[in-house]
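Below, all heavy atoms of this structure are taken into account, side chains as well, without hydrogens, waters or symmetry copies.
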Amino acid sequence: MIMADILLWTLIILGVYVVLVAYWVGAYALFPALIERCRASYGARPVAATLLGLAILLPAITVATIVTKALPHPVVTIPVIGATLVLALLCLIGSAGLALRIGAGMTSPLDATQPWRRLLRGGMVLGLAFVMPFLGWFVLLPWSLASGLGLRAFGRIRA
């Protein structure tokens, strides 16, 4: 492995890390009440949220894969990819509640005037946990995204 390969993967990982934290902070800036509800729901029912998220996510990914393989025309694949990206955005918005829950455990005197800093701290910790090989990639990241989607679905069901 040459130095360019190491630099490539380092920058890819750093880019994904920064983008995840940016989506979480952006979601909190746009929908603070929703993210606060997601944070509270993570303490009340994390297993149910994960199961509901998986019940939505797995069939959606399966259908998207089958449709794009069976009908490879751009008229079909572009809307399917768009719907999948909207689903990923909902996963990220819901998982911002987990980042906020982690950040709420790391209080600071600045939290009273700048409440978004809790989410930034929690997002940095959660994002660094995702970097851990195998456990972070294949367990923690999918779990947080699936439970985030489940919490967004719970929010829709209750509303």
Side-chain angles (χ1 to χ4, degrees), residues 5 8-104 116 118-120 122-159:
D5 292 335
L8 170 80
W9 286 106
T10 301
L11 291 176
I12 287 173
I13 291 169
L14 285 175
V16 169
Y17 173 73
V18 168
V19 166
L20 281 174
V21 173
Y23 270 108
W24 290 329
V25 172
Y28 186 73
L30 292 172
F31 315 110
L34 172 70
I35 303 303
E36 289 287 346
R37 283 196 312 268
C38 288
R39 180 190 66 83
S41 296
Y42 262 111
R45 50 184 176 205
V47 175
T50 303
L51 293 176
L52 179 60
L54 287 173
I56 296 168
L57 201 56
L58 293 177
I61 291 172
T62 304
V63 167
T65 304
I66 291 170
V67 168
T68 54
K69 296 291 182 191
L71 303 167
H73 195 275
V75 172
V76 175
T77 57
I78 290 174
V80 169
I81 290 171
T84 306
L85 290 175
V86 167
L87 197 60
L89 184 62
L90 293 175
C91 291
L92 286 169
I93 290 172
S95 66
L98 178 60
L100 185 60
R101 184 164 176 82
I102 292 170
W116 58 270
R118 292 178 299 158
L119 183 104
L120 181 63
M124 289 169 41
V125 169
L126 186 59
L128 285 174
F130 292 161
V131 174
M132 182 178 181
F134 303 109
L135 181 64
W137 302 340
F138 302 119
V139 177
L140 193 57
L141 177 62
W143 169 75
S144 67
L145 293 176
S147 62
L149 180 63
L151 289 175
R152 280 298 295 128
F154 274 140
R156 280 287 176 215
I157 292 170
R158 287 186 302 153

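Residues satisfying the side-chain hydrogen bond (donor to acceptor under 3.5 Å, both in side chains) test with Tyr42, not counting sequence neighbours, are Ser147. Residues meeting the side-chain hydrogen bond (donor to acceptor under 3.5 Å, both in side chains) test with Arg118, sequence neighbours left out: Tyr28, Glu36. Looking at residues two or more places apart in sequence or on another chain, you find a side-chain hydrogen bond (donor to acceptor under 3.5 Å, both in side chains) between Trp143 and Thr50. In terms of the side chain to side chain contact (heavy atoms under 4.5 Å, CB included) criterion, residue partners of Val25 (sequence neighbours excluded) are, by chain and number, Val21, Leu119, Leu120. A search for side chain to side chain contact (heavy atoms under 4.5 Å, CB included) contacts involving Ile61 returns Leu57, Thr65, not counting sequence neighbours. Listed by chain and residue number, Phe134 satisfy the side chain to side chain contact (heavy atoms under 4.5 Å, CB included) test with Phe138 (two or more places apart in sequence, or in another chain). With sequence neighbours left out, Ser144 forms a side-chain hydrogen bond (donor to acceptor under 3.5 Å, both in side chains) with no residue at all. Remark: Ala55 pairs with no residue by the side chain to side chain contact (heavy atoms under 4.5 Å, CB included) rule, at least two apart or across chains.
Rounding to the nearest 0.5 Å places CG of Leu140 at 6.0 Å from CG of Leu126. Of the inter-residue distances, the one linking Leu71 atom CG with Thr77 atom OG1 reads 9.5 Å to the nearest 0.5 angstrom. Note that CG of Leu135 is 11.0 Å distant from CG of Leu141, once rounded to the nearest 0.5 Å. How far CD1 of Ile78 is from NE2 of His73: 9.5 Å, rounded to the nearest 0.5 Å.
The stretch residues 88-102 participates, sequence neighbours left out, in these side-chain hydrogen bond (donor to acceptor under 3.5 Å, both in side chains) pairs: Trp24-Ser95.
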Taking only distance into account, with no hydrogens and no angle test, what donor-acceptor pairs under 3.5 Å do side-chain atoms of residues 80-88 form with protein atoms, sequence neighbours excluded?
unit_1	atom_1	unit_2	atom_2	d
Thr84	OG1	Val80	O	2.8

List the atom pairs, with distances to 0.1 Å, where a side-chain N or O of residues 10-18 and a protein N or O form a donor-acceptor pair under 3.5 Å, not counting sequence neighbours.
unit_1	atom_1	unit_2	atom_2	d
Thr10	OG1	Ile6	O	2.7
Tyr17	OH	Met124	O	3.3

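Heavy atoms of other residues, nucleotides or ligands lying less than 6.0 angstrom from CH2 of Trp137 number more than 12.
Of all non-hydrogen atoms in Leu52 and Ala153, the two that sit nearest each other are CD2-CB, 3.6 Å. Across all their heavy atoms, Gly94 and Leu151 have their closest contact at O-CD1, 4.4 Å. Pairing each heavy atom of Pro142 with each of Gly136, the nearest pair is CD-O, 4.4 Å. Taking every heavy atom of both residues into account, Cys91 and Leu149 meet most closely at SG-CB, 3.6 Å.
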